[in-house]
Amino acid sequence: MESMALTPRLALVASFVPQGARLADVGTDHGKLPIHLLLSGRARSAIGSDIRPGPLAHAARNAEEHHAALPLRLAPGLEGVSPEECDAVTIAGMGGETIAGILDDAPWTQAGNHLLILQPMTMLPVLRVWLAGHGFRTEDERICREGRKFYIVLAARGGAAARTLSPLEALAPARLCADPLANDYFRWLLCREESILHGLQSGVDPDPERLAAQAALTAALRARLEEPV
């Protein structure tokens, strides 16, 4: 029988799910996350949704082998889930722009009745900017590491006032400073942003505005790294 042990990334996602949640897991893939939450008793119920039939068939086999009640929906994003069926939504392993698009296509997520637990693989600043601009309040955000890669999981809820984020808050929000992995993560970000800055500086005819913005972001990130926790 296949184990439902989770990778550090998915384990961090699972830790954000409230006790007794009615979960909708978007892009459920093999179904390990919702099955784990059902077997542990953390989730009262769970729905798995995916756009591909192959992963859903895998999830169905896993659910059957572990005697877990996991209804499965073949649909893009949240199109196969109604707001009354869940109070928590997990979306993990997708790009930040894709996650924003899924939420944009499900306006009921903006009402504040559902906790959104999001783990973007790319374009995290884009997702943070979209959430803030559409009235989602980020309640918590944490870092995990798998090998040499860092992953961020954030919990957000709609119903707040829309706001604009600074480039630094979109890249490295202050709420992350207390995370045990913050120093390592911010140093990795700084190395990446300095590399981008050096590339712009050495380029032919660099855009002055973009160069100035990247220099300001790099300086702000360096200062954030030096802030006492």
Side-chain angles (χ1 to χ4, degrees), residues 1-96 98-106 108-122 127 131 136 138-144 146 149 151-158:
M1 181 180 294
E2 187 177 349
S3 169
M4 288 295 105
L6 302 179
T7 62
R9 176 177 65 89
L10 287 182
L12 183 57
V13 174
S15 73
F16 275 72
V17 176
Q19 186 67 39
R22 296 178 299 127
L23 180 70
D25 182 43
V26 177
T28 197
D29 197 16
H30 39 49
K32 284 188 176 182
L33 176 63
I35 293 170
H36 168 85
L37 291 165
L38 287 167
L39 295 178
S40 68
R42 192 178 190 99
R44 178 161 42 122
S45 64
I47 297 165
S49 171
D50 207 288
I51 199 170
R52 299 165 299 167
L56 282 184
H58 190 179
R61 290 194 299 271
N62 282 338
E64 183 178 4
E65 288 173 4
H66 289 83
H67 309 290
L70 180 65
L72 297 169
R73 312 281 169 81
L74 179 63
L78 283 160
E79 287 186 17
V81 179
S82 67
E84 297 79 16
E85 292 182 292
C86 60
D87 50 38
V89 174
T90 48
I91 310 177
M94 302 182 195
T98 299
I99 293 174
I102 288 171
L103 298 177
D104 200 35
D105 289 339
W108 52 266
T109 60
Q110 300 183 27
N113 300 320
H114 299 79
L115 181 67
L116 309 177
I117 302 159
L118 312 174
Q119 185 276 301
M121 301 295 276
T122 60
L127 178 59
L131 289 170
F136 289 89
T138 299
E139 298 183 346
D140 195 8
E141 203 166 341
R142 281 179 257 154
I143 309 167
C144 76
E146 281 188 21
K149 292 185 178 181
Y151 298 99
I152 305 295
V153 178
L154 62 88
R157 191 179 293 273

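Note that the numbering runs from 1 along the sequence shown for the chain. Because the structure is predicted, anything quoted here is derived from the model rather than measured.
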For R42 against S15, the heavy-atom pair lying closest together:
NH2-O, 3.1 Å
Quick one: do R44 and D87 satisfy side-chain contact (heavy atoms from CB on, under 4.5 Å)? Show the steps, please.
CA-CA 11 Å; R44 178 161 42 122; D87 50 38; 4.3 Å; yes
To the nearest 0.5 Å, what is the distance between CZ (R52) and CG (L74)?
11.0 Å
Of all heavy-atom pairs between P34 and T28, which one has the smallest distance, and what is that distance?
CG-OG1, 3.5 Å
Between L131 and L103, is there a side-chain heavy-atom distance shorter than 4.5 Å?
yes
Check: H36 and L10 side chains under 4.5 Å, non-hydrogen atoms
no
Any sub-3.5 Å donor-acceptor pair from N62's side-chain atoms to H30's backbone N or O?
yes
Do F16 and T90 come within less than 4.5 Å of each other through their side chains, counting heavy atoms only?
no
Between L33 and A14, what is the shortest heavy-atom contact and its length?
CD1-CB, 3.8 Å
Can you confirm whether E64 is buried at CD, in the sense that more than 12 heavy atoms of other residues, nucleotides or ligands lie under 6.0 Å from that atom?
no
What distance separates E65 CD from I35 CD1, expressed to the nearest 0.5 Å?
8.5 Å
Any side-chain heavy-atom pair of I152 and E141 under 4.5 Å
yes
Nearest 0.5 Å please: distance from the OG atom of S45 over to the CZ atom of R22.
6.0 Å
Tell me the closest heavy-atom pair linking A46 and L70, and the distance in Å.
O-CD1, 3.6 Å
With a cut-off of 3.5 Å and sequence neighbours excluded, list every side-chain donor-acceptor pair involving residues 77-84.
{"residue": "S82", "atom": "OG", "partner": "E84", "partner atom": "OE1", "Å": "3.4"}
{"residue": "S82", "atom": "OG", "partner": "E85", "partner atom": "OE1", "Å": "3.2"}

Looking at G96 and L127, what are the two nearest heavy atoms and their distance?
O-CD1, 3.8 Å
Can you tell if the side chain of L116 reaches within under 4.5 Å of the side chain of F136, non-hydrogen atoms only?
yes
Where M94 and I102 come nearest, the two heavy atoms and their spacing
SD-CD1, 3.6 Å
Rounded to the nearest 0.5 Å, what separates atom CG in D50 from atom CG in L56?
5.0 Å
Gap between atom NE2 of H66 and atom NZ of K32 - 0.5 Å precision:
8.5 Å
Between K149 and M121, is there a side-chain heavy-atom distance shorter than 4.5 Å?
no
Under a 4.5 Å cut-off applied to non-hydrogen side-chain atoms, are Q119 and V153 in contact?
yes
To the nearest 0.5 Å, tell me how far R157 CZ sits from N113 CG.
8.0 Å
